[in-house]
Amino acid sequence: MLPVVSVIRSESVCKRWREAVRVLSCTKNRMMPQKPWYFMFTCSDEVVSGFAYDPSLRKWYSFDFPCIEKSNWSASSSAGLVCLMDGDNRSRVFVCNPITKDWKRLADAPGGKSADYSTLAISASRKSHCYTVVVARCNHMPGEYYLWELSINLYDSETSEWITPFKEVLHRWRGGDECIICEGVLYYLVYSTGILVNEEHRHRVLIYDLTSRHNHTSLMSMAIPVPCSLTCGRLMNLREKLIMVGGIGKQDRAGIIKGIGIWQLCNKEWHEVSRMPHKFFQGFGEFDDVFASSGADDLIYIQSYGSPALLTFDMSQKLWKWSVKSPMMKRFPLQLFTGFSFEPRLDITS
């Protein structure tokens, strides 16, 4: 069987050999099973380039990601495809296969270039290779301090068209930059903008069925509270199960992180999977209240924005492990790093 890294190395030989290797890999289905990779890059205004981590071989590769022009772009991945949204023009959305470098720009997303808050998610079929993209936008309503308008925009690769099946005005809650699609359902993290009472937490998860597309029900009325006070939350689809990685806030100061937990949503209830052992939490050095985390299959990646250190958690083995040291170096105190995971595949195109 042929490892994906062989395809990447073939690009430096010649175009004919590169195409031959890809055709052989796809038509004979001889690609080795791959764990999800992690693409890490530094935040700057320069052209985005970074390194991809292969957890199977425990190696980093210098990697130029197609389409990304700046580090403020949003990203979501599914079944070998990565969806990207321009941070300066939220109507520009791209879908690419980072291994084959195949990519396309979608029709402009509805809602114009700017939004107070926006996020995206992609869900690709492993059989048909068709995909769905969601861009969720949330804008503050002029003159209304506590009112925010949420719109869910949906793209279908079979029709190559966008629709806006749902809108709702949120009261004392707003959207953010975190959503995921799992088994045809959109999960969207929202934040309280009002004064919290009793033991109420600042985050909730909205649920929207992308198949039935009901537009007459309030999503806030059915929102799921998070399991504890969080500094931030990261949603991911692992084998069609909704997983949340969250920064656990201190009891007396909810905005200060004291640890990181992993939960799985089952029948609208959160079940704790694991908490990061303190030695790993300390291993990051100074850990921000917000951080990068994503995953696929059975693997979760966690990265502090202030460090190139990368931690993994294997859901099947319940095992925490550091990656091999990243080749990226921190060159000045305020330098920031980020990244996201994707599945390396040869057999899917945009």
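Both backbone and side-chain heavy atoms feed into the values below; hydrogens, waters and symmetry mates do not.
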* Check F41 against G339 and note the closest heavy-atom contact, atom names and distance. => CE2-CA, 4.1 Å

* Asked: Taking the side chain as C-beta and beyond, is there a heavy-atom pair between K59 and F51 under 4.5 Å?
  -> no

* Asked: Who are the side chain to side chain contact (heavy atoms under 4.5 Å, CB included) partners of S326, not counting sequence neighbours?
  -> M40, W60, P308, M328

* State whether the side chain of S221 and the backbone N or O of S218 hold a donor-acceptor pair below 3.5 Å, judged by distance alone. => yes

* **Crowding at NZ, K127 (>12 non-hydrogen neighbours, <6.0 Å)** => no

* Taking a hydrophobic cluster as the set of Ile, Leu, Val, Met, Phe, Trp and Tyr residues connected by side-chain heavy atoms closer than 4.5 Å, whether directly or through intermediates, do V190 and V134 fall within one such cluster? -> yes

* Asked: Does anything in residues 77-110 pair up under ring-ring contact (aromatic ring centres under 6.0 Å, His included), and if so which pairs, sequence neighbours excluded?
  -> W73-F94, F94-W103

* Asked: Same cluster for L310 and F340 if Ile/Leu/Val/Met/Phe/Trp/Tyr side chains link at under 4.5 Å?
  -> no

* Asked: Any link between M244 and M222 through a network of hydrophobic side chains (Ile, Leu, Val, Met, Phe, Trp, Tyr) touching at under 4.5 Å?
  -> no

* Residue pair V82 / V95, side-chain heavy-atom distance below 4.5 Å -> no

* Asked: Can you check side chain to side chain donor-acceptor pair (under 3.5 Å) on S56 and Q34, steps first, answer last?
  -> CA-CA 7 Å; S56 298; Q34 300 286 320; 4.9 Å; no

* Drop me the distance from R137's CZ to E149's CD, to the nearest 0.5 angstrom. => 11.0 Å

* Do side-chain atoms of K318 reach the backbone of M315 as a donor and acceptor pair under 3.5 angstrom? -> yes

* K330 to Y305, cation-pi by 6.0 Å centre distance and 45° axis angle -> no

* State whether the side chain of E343 and the backbone N or O of A79 hold a donor-acceptor pair below 3.5 Å, judged by distance alone. => yes

* Asked: Do D289 side-chain atoms and I257 backbone N/O form a donor-acceptor pair below 3.5 Å?
  -> yes

* To do: For residues P55 and W37, determine if any side-chain heavy atom of one lies less than 4.5 Å from a side-chain heavy atom of the other.
  => yes

* Taking the six-membered ring for Trp, are F39 and F65 parallel (under 30°), tilted (30 to 60°) or perpendicular (over 60°)? -> tilted

* To do: Give the cluster check for F291 versus W320: same hydrophobic cluster or not, with ILVMFWY residues linked at side-chain heavy-atom distances below 4.5 Å.
  => yes

* **Set of residues satisfying side chain to side chain contact (heavy atoms under 4.5 Å, CB included) with respect to P110, sequence neighbours excluded** => N153, W162, T164

* Between CG of L242 and SG of C182, what distance do you get to the nearest 0.5 Å? -> 5.5 Å

* So do the side chains of L219 and I152 get within less than 4.5 Å of each other, counting heavy atoms only? -> yes

* To do: Could you tell me whether a side-chain N or O of S157 sits under 3.5 Å from a main-chain N or O of C130, the two making a donor and an acceptor?
  => no

* Asked: Excluding sequence neighbours, so at least two apart, what forms ring-ring contact (aromatic ring centres under 6.0 Å, His included) with Y38?
  -> Y301

* To the nearest 0.5 Å, how far apart are CG in L299 and NZ in K321? -> 9.5 Å

* Asked: Under 4.5 Å between any side-chain heavy atoms of S293 and M236, yes or no?
  -> yes

* Asked: Looking at side-chain heavy atoms only, is the closest gap between C179 and L186 below 4.5 Å?
  -> yes

* Which residues share a salt bridge (Lys or Arg N to Asp or Glu O under 4.0 Å) with E272, sequence neighbours left out -> R275

* Asked: Can you hop from F337 to I260 via hydrophobic side chains spaced under 4.5 Å?
  -> no

* Working to the nearest 0.5 Å, report the span between CG of L170 and OG of S192. => 11.5 Å

* Hey, are the side chains of M220 and E168 touching, using non-hydrogen atoms and a 4.5 Å cut-off? -> yes

* Can you tell me how far CE of M85 sits from CG of N72, rounded to the nearest 0.5 angstrom? -> 10.0 Å

* Find the distance between CD1 (I248) and SG (C232) and round it off to the nearest 0.5 Å. => 11.0 Å

* **salt bridge (Lys or Arg N to Asp or Glu O under 4.0 Å) partners for D88, two or more places apart** => K70

* Asked: What residues form a side-chain hydrogen bond (donor to acceptor under 3.5 Å, both in side chains) with D156, not counting sequence neighbours?
  -> none

Table please: side-chain donor-acceptor pairs of residues 138-147 below 3.5 Å, with sequence neighbours left out.
from, atom 1, to, atom 2, distance (Å)
N139, OD1, D116, N, 2.9
H140, NE2, E144, O, 2.8
H140, NE2, Y145, O, 3.0

* Which residues share a side chain to side chain contact (heavy atoms under 4.5 Å, CB included) with I207, sequence neighbours left out -> V185, Y187, I224, K268

* Structure fact -> salt bridge (Lys or Arg N to Asp or Glu O under 4.0 Å) filter on R204, not counting sequence neighbours, yields E200

* Asked: Any donor-acceptor pair under 3.5 Å linking the side chain of N89 with the backbone of S91?
  -> yes

* To do: List in chain and number order the residues that pass salt bridge (Lys or Arg N to Asp or Glu O under 4.0 Å) with R105, two or more places apart in sequence or in another chain; answer none if no residue qualifies.
  => D108

* Residues two or more places apart in sequence or in another chain: which of them pass ring-ring contact (aromatic ring centres under 6.0 Å, His included) with Y117? -> W148

* Would you check if D298 and L238 make a side-chain contact, meaning some heavy-atom pair closer than 4.5 Å? => no

* Asked: Mind checking whether H203 and Y191 have parallel, tilted or perpendicular rings, split at 30° and 60°?
  -> perpendicular

* **K35 bridged to D297 by N-O distance under 4.0 Å** => no

* Looking only at atom types and distance, does a side-chain atom of N237 sit under 3.5 Å from a main-chain N or O of I181, one as donor and one as acceptor? -> yes

* Asked: Just by distance, do the side chain of K104 and the backbone of T349 share a donor-acceptor pair under 3.5 Å?
  -> no

* Asked: Looking only at atom types and distance, does a side-chain atom of D102 sit under 3.5 Å from a main-chain N or O of S350, one as donor and one as acceptor?
  -> yes

* Under 3.5 Å: donor-acceptor pair, side chain of R213, backbone of Y208 -> no

* With a cut-off of 6.0 Å (strictly less than), are more than 12 heavy atoms of other residues, nucleotides or ligands near CZ of R331? -> no

